[in-house]
Every structure is written in structure tokens, then in C-alpha cells.
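Contents: one structure, followed by commentary.
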Amino acid sequence: MRGVCTRSGSLSAADFYASAIYFSQRWNETNSDFPNWVWIPCSRLGAISEDEGYLVLEKVKLQTERNDSNLEELNNCDSSANDELTDEATLVDVHSHYAHLYDLHIAYSFTYKVPVLYFRGYKSDGCHLSLDEIKEELPSHSVEILQKSKWTFMTQEEHPYLNTPWYTLHPCGTGDWMKLLLSSTSYGENISLIQYLPAWLSVIGQTVGLRVPLELYSRS
Amino acid sequence: MSSPRATESPTSDRKVVVHLRATGDAPILKQSKFKIAGSDKFLKVIEFLRRQLHRDTLFVYVNSAFSPNPDELVIDLYNNFGFDGKLVVNYASSMAWG
């Protein structure tokens, strides 16, 4: 199968590769605040492959309720141990204690013919976050999408290349909403291909608190 | 074909015309064009749609093949993706499980 299929919202493996390379280049150019996306060449058979692999963005801090909440709220939470509310050192410690980091991988699903997000979260001591702990700190908008939409829900699956368990947004609904996004434009096949991953990430990113810069969507 | 840019008035005073478009089998609003402050977040548009349609679960996206983050400012979306003096916002039903 070749090309982006706007009727089904899916794309071929070769076009996933092309879209991934183009997307990562644009992201890395425009998003200096963030680490770069890196393409890892890998095939399911274990050999190095020219056009099969996955994208990784590692050790990133995502938008969370805790990051966005004001420091006064955090202080009130912990004031049971300390009546003084103006200890600067305490505020800094509390804030860094909550700095969780995430690894995000984007791989191609040969079954559903769409991209899939695999992710893991870590505490400051390197321990993995459980799914409950991850959900606890998601922005409220993300939690709503995950709870209410039939198109995006989290499960745990084996990473297709690393053979370890990762959390993932199940790809079964992806075609449905990618269809809507692609049909909202008058893009020809080439532009649909290039814009496929940014379009996809605009939705998936919201479920995990990853903000996509608007520049990735501007047609310049 | 005009490419809108907010050069003449301060961002905080600028009102943006938003045109809400139903797609798929989503209900069509009686009134679909509204003005909103440019300094408001896109979240306001999403919440407005939810209240008007009595639906929590909507898939909301713009004509450039993406779903804006609710924290984006309406004026930024309009400046980059507006056309013909308005920002077109599409919505579809994203029904809950059950």
C-alpha cells in the first residue's frame, strides 16, 4: 500500500518513515526549548533497516497539573510539616521533587497502518511511574479526552522493537480522527504525507501533555 | 486572498470572528459565527461548543489538519490559520464508550 489514504486515515510504512523524518527535522529546527526527536533505524527482524524504525524523544518534562499549579497551592499541601510559608529553599525542593521525566516513542503499526505512541515516565530517582501515577499528573484536558473519548485510551503493550512493556495510546481509533483532520484541508497527496505526523501528534500530544508548536502547521 | 495579521490594534483588544462548522453527524448550531477576544485561550471555544451542544466529548480541529491545544491563544490561531477574516473551527462527535 502506497501513500496516505484519506478515506481511511492511514498511511503506508514507507510514508510513515518519510513523514517522521520531515516532522523531526522541522521540530528540531523550530523547537529549541525541547530535546530533539531522533530516528532510530530498526526492523522487526532485528536487522538494521534503511526505512523502518521509530522516533524517540527522551527525558522530557511534559505539561502537568503540578507544573502548572501555582507554588502557593503546593506550599499549602505540605504546610502540615512546616508552618512557615516563605521558606524559599523548601519551595525549590518541593518543586524539583515533582519533576517527572518521560520517554516518548513513535512507531508504526503494521496492523492498523497508523503511528502509535509508546511512553514511559520516571521519577527523579529513576523509578518507573505506574499508569495511575502518570494519570494523576496529566493536565485535566488530557484526562478528559482519555476518559470520555472512544478514540483514545491508554493500555500497556509490548514495545514492538524493544520487547519491554510500555504504555500506549491504542491505535484502533486513529484512522477515524485522522480522516477528519486530513479532509479538513485541500492538501494534495504530498502535503498530506508531510503533514500526517504533525496532525497526528496534535491529538496524541494533548493526551499526554506534549505541546506541539504552531509553526509545524503553518504552510510557509 | 488575505493573510490576516494583527498589526493595527493591540492583541488584548482584538476580537476574532470564529466560524463553527459541524462535520460528520455532529449537530449544526443555529448560530455558527461568533466573536471572541483574541487574548482568550482556545479552551474557551471548546467549552462554548460543549455547552451549546450539551456534549462533553467533541473532536475540535481547524482547517489546517490539526487539533489546537486548549492553551493556544485565539489570536495566534487566527493570525496563522485564519482566512477571509475568520477562523474556521470544525467539530465532530467523539462519542464516549458505553
Side-chain angles (χ1 to χ4, degrees), chain A residues 4 6 9 19 23 62-63 67-68 139-153 170 172-174 176-187 191-220, chain B residues 1 3-6 16 19-26 38 41-47 49-51 53-84 86-98:
Chain A
V4 175
T6 49
S19 191
F23 157 73
L62 299 173
Q63 276 181 304
N67 287 349
D68 294 346
S140 52
H141 176 72
S142 302
V143 174
E144 274 180 31
I145 298 175
L146 290 170
Q147 282 175 345
K148 294 178 182 168
S149 171
K150 69 172 179 178
W151 281 333
T152 46
F153 60 100
H170 200 279
C172 61
T174 298
D176 288 342
W177 47 264
M178 278 306 302
K179 246 190 306 198
L180 292 175
L181 290 180
L182 293 173
S183 63
S184 75
T185 73
S186 49
Y187 293 163
I191 306 292
S192 290
L193 162 69
I194 284 169
Q195 288 303 116
Y196 190 102
L197 261 191
W200 176 85
L201 194 61
S202 76
V203 174
I204 293 296
Q206 282 184 53
T207 62
V208 294
L210 179 73
R211 184 110 166 239
V212 182
L214 286 183
E215 291 97 314
L216 263 73
Y217 305 109
S218 301
R219 304 300 312 145
S220 51
Chain B
M1 246 185 236
S3 184
R5 289 285 179 269
V16 170
H19 178 197
L20 301 169
R21 261 186 80 231
T23 60
D25 55 3
K41 289 186 178 180
F42 188 66
L43 176 64
K44 210 157 180 191
V45 176
I46 297 172
E47 288 177 335
L49 273 169
R50 283 186 189 152
R51 281 198 311 271
L53 300 171
H54 309 293
R55 301 247 168 120
D56 289 341
T57 51
L58 287 172
F59 186 67
V60 185
Y61 56 107
V62 299
N63 273 352
S64 301
F66 76 102
S67 181
N69 190 295
D71 288 337
E72 297 292 355
L73 295 181
V74 171
I75 190 67
D76 290 336
L77 293 173
Y78 173 71
N79 280 343
N80 287 290
F81 309 104
F83 177 83
D84 231 11
K86 60 186 185 293
L87 178 69
V88 176
V89 175
N90 304 301
Y91 60 94
S93 291
S94 165
M95 292 180 318
W97 290 102

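Chain A is the first sequence line, chain B the second, and so forth, proteins listed ahead of strands; every chain is numbered from 1.
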Given that the side chain runs from C-beta out, which part of B:V62 has a heavy atom under 4.5 Å from chain A: side chain, backbone, both or neither?
backbone
Would you call the rings of B:F66 and A:Y217 parallel, tilted or perpendicular, taking 30° and 60° as the class edges?
parallel
Measure across B:S64 and A:S184 and return the closest heavy-atom pair with its distance rounded to 0.1 Å.
N-OG, 4.2 Å
Could you state the interatomic distance from CG (A:L180) to OH (B:Y61), rounded to the nearest 0.5 Å?
4.0 Å
Minimal heavy-atom distance between B:S67 and A:Q206, with the atoms involved, is O-NE2, 2.9 Å
Cut-off 4.5 Å, heavy atoms of chain A, and the answer for B:N69 is both
What residue, out of A:T185, A:L214, A:V212, has the most heavy-atom pairs lying under 4.5 Å from chain B?
A:L214
